[in-house]
Amino acid sequence: MDNNKTTTKIQELTYELKIDDVMCKNIETVSSKMPISQLRDVLYKKRISGVPVVNDDKLVGIVSIEDFIKCMEQEEMDALVEDKMTKNIKTLYADEPLVHAVKKFEKYGFGRFPVLSRKDKKLVGIITKSDIIKGILKKLESVYHDEEERRYRASHIFNDIVADEVFLKFQYFVEGKNFDKAGEASTGLKKTLYRLGLSPDIIRRAAISTYEAEINIVAYTDGGEIIAYIDPHQIKIIIIDKGPGIPDVEKALQPGFSTAPGWVRELGFGAGMGLPNIKKFTDKMTLRSTVEKGTHLEIIIKLSDYRNED
Amino acid sequence: MNLKDIVKMLDLKVVSGDIDREVSAGYSSDLLSDVIANAQKDNIWITLQIHVNIVAVANLQELAGIILVNGRQPEQITLKKAEQENIPILLTELPTFEIVGKLYEMGIHGNSIN
Ligand SMILES: Nc1ncnc2c1ncn2[C@@H]1O[C@H](COP(=O)(O)OP(=O)(O)O)[C@@H](O)[C@H]1O
Ligand SMILES: [Mg+2]
């Protein structure tokens, strides 16, 4: 973003964001009958420089560290908060746009404004200049992030390519026995599918089934690979390893069946739900395995409507 | 309910991720495949597993966050991944039964109720 664009974006955000979005809601208050001497603890403990004075939920004033210091100098520590607080205070409503707060800060030069709910005029928060800055930065960050994502999207890819048949191929290698890296292939595939603009449900089903298959490669073999083919109609994912193979495929597909060793179970795997989960989340699943040769799993997820709305 | 409020009310220690997000319901299990089969998007997940794969599961399921019970500390690599993927990990000294009970009282239920 260039400078000008940033400035207008910030201006835009001050209209878009509400005071409620950025104000501090977790507020400290004191009662008007509290002696000034006790103010020190409140301000000091919470590291704040001023605190709203509230009686029966109603805002009656604001008392600041300056008021406290003045009382100290004049040895009036027994005075009550109500005698020393500022009474005619400017407030804002929670549903006002941020720009109102910005204007009020400029106009009055105060450090903070109490925020009231318009409905019942109760104190609901307090806003400082730093709350405004933090709120805008946070929003800018998420706006920027969304823009990045959008730039990455390639949803139009199938439309733009001219050919009789198109498919994309993504390949991932999976290390055996390394649970620290387990999940990287499926997480990577998930990001890729997201950038292709596939629908969230499809992405979730593809990523979850790939994850379970990836975990099996990690748990039971010395490594393997995952290849995903995507065309306008379906995602086909092939998961291959040259591991020990499965002696009884029927049995392995039954929920609860597991040969996972103790160390795998300790990590929370080995519930015997991996292959059943894959079956549940895909449209078609084919498992072929030869003992001492390896295992070949093919899953298909159909893309009836393959694109997100842009 | 916002995760921020849950953190505050249950006095959870936040060790990773942005906690400003909505929680739809809760799920508790220490079996990852069970979580994959039965948890849903935006769930808060309660577990005693601390290794890095909890981040992958939370990421795949788009969970709102993970509460680690019994004072268990996540492994270093778990924390690093969680920070990278922006998955909130929250710590409590309480055991699962207690923390789930408190969540329930606060109005966080299972997926079947909502
Ligand atoms: N790639 C593989 N190579 C060898 N055996 C496998 C493979 N995948 C699955 N299995 C066998 O099938 C069983 C069931 O797998 P699964 O349903 O994922 O449950 P779990 O992994 O929890 O045991 C495993 O315990 C294992 O014996
Ligand atoms: Mg498995």
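Quick caveat, the model's predicted, so the values are computed rather than measured. Just so it is clear: chains get the letters A, B, ... in the order the sequence lines come, proteins before strands, and each one is counted from 1.
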Nearest heavy atoms of B:Ile36 and A:Phe281, plus distance in Å: O-CZ, 3.7 Å

Which donor-acceptor pairs sit under 3.5 Å apart between chain B and chain A?
| from | atom 1 | to | atom 2 | distance (Å) |
| --- | --- | --- | --- | --- |
| B:Asp20 | OD2 | A:Lys138 | NZ | 3.0 |
| B:Leu32 | N | A:Gly268 | O | 2.8 |
| B:Ser33 | O | A:Asn277 | ND2 | 2.9 |
| B:Ser33 | OG | A:Glu212 | OE1 | 3.2 |
| B:Ser33 | OG | A:Glu212 | OE2 | 2.9 |
| B:Ala37 | O | A:Lys280 | NZ | 2.9 |
| B:Gln49 | NE2 | A:Glu266 | O | 3.4 |
| B:His51 | NE2 | A:Leu267 | O | 2.4 |
| B:Asn53 | OD1 | A:Tyr211 | OH | 2.9 |
| B:Asn53 | ND2 | A:Phe179 | O | 2.8 |
| B:Asn59 | O | A:Lys190 | NZ | 2.7 |
| B:Gln61 | OE1 | A:Arg204 | NE | 2.9 |
| B:Gln61 | OE1 | A:Arg204 | NH2 | 3.2 |
| B:Glu62 | OE2 | A:Lys190 | NZ | 3.0 |
| B:Lys81 | NZ | A:Glu184 | OE2 | 3.4 |
| B:Glu85 | OE2 | A:Lys191 | NZ | 3.4 |

Contact class of B:Ile77 relative to chain A, heavy atoms under 4.5 angstrom: side chain

Sequence-distant partners of B:Met9, side-chain contact (heavy atoms from CB on, under 4.5 Å), two or more places apart: B:Met106

B:Phe97, CZ atom: more than 12 neighbouring heavy atoms under 6.0 Å: no

Residue list, side-chain contact (heavy atoms from CB on, under 4.5 Å) with A:Pro255, at least two apart or on another chain: A:Pro276

